[in-house]
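One structure is given below, represented as structure tokens, and several questions about it will come after.
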Amino acid sequence: MATKRLKTSASLLCDVFHRPAPRHSAAMATVAPSATLAQSQAYLDADLISTPTAPPTPAKSIPTTPRFQAQVNPFIQTATLTTNTFPSFEPTGFATYPSTHLLLPLRKDILHRAVIYEGDMTRQGTASTKYRSEVHGSNRKIRPQKGTGKARLGNKKSPMLRGGGVAFGPHPRDFSTGLQRKVYDLAWRTALSYRYRQGELILIEGEVELEGVHENSAERYVKDLLKYNRMGHEHGRTLFVTRNIREGLYTALEGEHMGKEARAKDCADVDVKDLLELGRVVMERSALEYILGKHEEDLAPGEKLHAWSRVARRAAYEERTRAGHKVDALPMAA
């Protein structure tokens, strides 16, 4: 019965695919169908001819991108400073700087934040007192709780007794506050811009040093110099900012009463408060360029001092070259 059902199924499948039904035999389990053998032989006898392919195109060279070149803002103006010699304060030339460094508007809020930030950073925060648990002494109760008619007391380290602990005294802490670097750099340039607008920023070409002055008379020499140029105590004192420590000037200003006349600091010690505190600022050109280059984190690459100086030098060179060609062309045209 089972064999009959198998034959019937095979006959139905062959009718569907229009193929003759194979004969059932014992060898069908091991011998592959003839159609499969014919297909395999035809596949082996076939000539596999690949279609011709186009020659590979040469790889295109990737264009190398040029290095980033800072673009200078064409709307930036220039601030001109007169350079002077020391100690005669005679003008020798001019120095120009971009308006992003010395022509900023006055921002009292930013200056206030910078001064508070610097003041908090200078606080030591070392004040310390002892609480009652930190005071050395016995924990024995001074007198009984009841029966004496007096106020109840614990041990002798109580904050109510002399020699006891302090209830809410100060302890070592950090008073420093945070301020964004860009805001702090903007405060530096704002303070210098304020001094420049007020005409209280004097630029020195070279070093602010006392040359040819004996150390015993250096204090009197500096005092007379400040009085003659109206930079002493009567006119609000003067701040000297140098690139490095100048031994002669610094020694002369360390006198007993010289602090009322002037003050000298190098770039590492000066801060925003110093630039705003005294009446006038005398600064070396190298010190000014160092401070401006150090505090420009909030500016774009094309607005920074070194990029602006490079473009300004190139423009000046092109202008001189153009002027030279014009001068050479004049005689020829005549």
Side-chain angles (χ1 to χ4, degrees), residues 101 104-136 157-160 162-196 198 200-201 208 231-233 236-247 249-284 287-288 290-299:
H101 292 71
L104 295 177
L106 180 61
R107 291 286 304 273
K108 295 182 179 181
D109 55 336
I110 294 180
L111 295 177
H112 177 265
R113 292 180 62 182
V115 172
I116 295 299
Y117 166 72
E118 293 173 348
D120 293 341
M121 291 289 290
T122 56
R123 296 187 65 176
Q124 296 181 356
T126 56
S128 178
T129 56
K130 292 183 179 181
Y131 189 59
R132 62 185 303 169
S133 61
E134 300 173 347
V135 177
H136 178 72
K157 297 185 291 184
S158 173
M160 296 184 296
R162 183 178 180 180
V166 181
F168 300 102
H171 296 280
R173 53 171 294 190
D174 184 13
F175 287 94
S176 61
T177 56
L179 184 64
Q180 295 86 346
R181 174 67 183 275
K182 294 183 178 181
V183 177
Y184 188 57
D185 290 353
L186 181 60
W188 270 89
R189 302 198 314 276
T190 302
L192 291 172
S193 300
Y194 172 75
R195 287 301 192 183
Y196 170 74
Q198 296 295 325
E200 299 170 349
L201 180 61
V208 182
M231 298 180 180
H233 174 70
R237 297 188 297 171
T238 301
L239 173 66
F240 292 93
V241 181
T242 60
R243 183 65 180 86
N244 298 312
I245 297 178
R246 311 303 178 191
E247 295 295 339
L249 179 65
Y250 282 51
T251 304
L253 292 177
E254 290 177 355
E256 183 177 358
H257 300 289
M258 292 303 296
K260 299 179 181 180
E261 302 293 337
R263 188 188 305 172
K265 288 190 175 184
D266 60 346
C267 296
D269 296 335
V270 71
D271 51 19
V272 177
K273 183 180 179 181
D274 295 329
L275 297 177
L276 301 172
E277 188 176 8
L278 303 185
R280 193 168 300 183
V281 179
V282 178
M283 186 178 298
E284 295 179 357
L288 177 62
Y290 173 80
I291 292 175
L292 293 178
K294 184 179 179 181
H295 299 285
E296 53 183 3
E297 189 68 23
D298 58 315
L299 298 178

Report task. Answer whether the closest heavy-atom distance between the side chains of Leu239 and Val270 falls below 4.5 Å. Result ->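 Yes - at least one pair of side-chain heavy atoms lies under 4.5 Å apart.
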
Handout entry: Minimal non-hydrogen separation, Val135 against Gly164, with atom names
Key =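 Shortest heavy-atom separation between Val135 and Gly164 comes out as CG2-C, 4.0 Å.
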
Check the pair Asn244 / Asp266 against side chain to side chain contact (heavy atoms under 4.5 Å, CB included), numbers first and verdict last. CA-CA 6 Å; Asn244 298 312; Asp266 60 346; 5.9 Å; no

Q: Would you mind reporting whether Phe240 and Leu253 have side-chain heavy atoms less than 4.5 Å apart?
A: yes

**Asked** Run the side chain to side chain contact (heavy atoms under 4.5 Å, CB included) check on Tyr117 and Val183 step by step: do they pass?
**Response** CA-CA 11 Å; Tyr117 166 72; Val183 177; over 6 Å; no

Measure from NZ or CZ of Arg173 to the centre of the six-membered ring of Phe175, then state whether that distance is under 6.0 Å and the direction lies within 45° of the axis. yes

Short side-chain donor-acceptor distance under 3.5 Å, Glu118 and Tyr184: yes

Output for pair (Asp298 CG, Gln180 CD), nearest 0.5 Å, gives 11.5 Å

Checklist line | His112, NE2 atom: more than 12 neighbouring heavy atoms under 6.0 Å | finding: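 No, NE2 of His112 has 12 or fewer neighbouring heavy atoms, counting only those of other groups under 6.0 Å.
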
To the nearest 0.5 Å, atom CG of Asp269 lies from atom CG of Asp274 at 9.0 Å

When rounded to the nearest 0.5 Å, the distance separating CD of Glu296 from NE2 of His101 is 4.0 Å

Checklist entry - Salt bridge or not for Arg181 and Asp185, using N-O below 4.0 Å? => result yes

**Item:** CD-CG distance between Glu254 and Leu249, expressed to the nearest 0.5 angstrom
**Value:**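 One gets 10.0 Å once the value is rounded to the nearest 0.5 Å.
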
Margin query: Would you compute the distance between atom CE of Met231 and atom CZ of Arg280 and round it to the nearest 0.5 angstrom?
Written below: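 Going from CE on Met231 over to CZ on Arg280, the span is 5.0 Å.
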
### Message
If you compare all heavy atoms of Ile291 against all heavy atoms of Trp188, which two are closest, and at what distance to 0.1 Å?
### Response
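Distance-wise, the nearest heavy atoms are CG2-CE3, 3.5 Å.
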
Notebook entry, point to check: Counting only heavy atoms not in Lys273, do more than 12 fall under 6.0 Å of its NZ?
Noted result: no

(message) Keeping Glu134 on the side-chain end and Gly165 on the backbone end, is there a donor-acceptor pair under 3.5 Å?
(response)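 Side chain of Glu134 to backbone of Gly165, a donor-acceptor pair under 3.5 Å: no, none is there.
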
Verdict with supporting geometry, Lys182 and Glu297, salt bridge (Lys or Arg N to Asp or Glu O under 4.0 Å): CA-CA 5 Å; Lys182 294 183 178 181; Glu297 189 68 23; over 6 Å; no

Give me the atom names and distance for the closest heavy-atom approach of Pro159 to Arg132.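 Looking at all heavy atoms of both residues, the closest pair is CD-NH1, 3.9 Å.
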
Task: Distance, nearest 0.5 Å, that separates CZ of Arg237 from CD of Glu277 - done: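 Nearest 0.5 Å value for the CZ-CD distance: 6.0 Å.
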
**Asked** Do you know which two heavy atoms are closest between Thr190 and Pro105, and how far apart they sit?
**Response**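 In this case the closest contact between Thr190 and Pro105 is CG2-O, 3.6 Å.
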
Item to complete: Walk me through it: do Leu111 and Leu106 pass the test side chain to side chain contact (heavy atoms under 4.5 Å, CB included)?
Response: CA-CA 9 Å; Leu111 295 177; Leu106 180 61; 3.8 Å; yes

Any donor-acceptor pair under 3.5 Å from Arg189 side chain to His295 backbone | yes

- Message: In the structure I gave you, are the side-chain heavy atoms of Met121 and Asp271 within less than 4.5 Å of one another anywhere?
- Response: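 No, too far: nothing below the 4.5 Å cut-off.
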
Looking at Cys267, is its backbone amide N or carbonyl O close enough to the side chain of Thr242 to form a donor-acceptor pair, meaning the two atoms are under 3.5 Å apart?
no

*Check for a donor-acceptor pair, side chain of Thr129 on one end and backbone N or O of Val166 on the other, with a separation under 3.5 Å.*
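Such a contact is absent between Thr129 side chain and Val166 backbone.
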
Would you call Arg195-Glu200 a salt bridge at under 4.0 Å N-O? yes

Could you walk me through whether Met283 and Leu275 satisfy the side chain to side chain contact (heavy atoms under 4.5 Å, CB included) test, starting with their C-alpha distance in whole Å, then the side-chain angles of each, then the deciding distance to 0.1 Å, before giving a yes or no? CA-CA 10 Å; Met283 186 178 298; Leu275 297 177; 4.2 Å; yes

With a sphere of 6.0 Å drawn around OH of Tyr196, does it hold more than 12 non-hydrogen atoms of other residues, nucleotides or ligands?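 Buried by this count: over 12 neighbours within 6.0 Å.
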
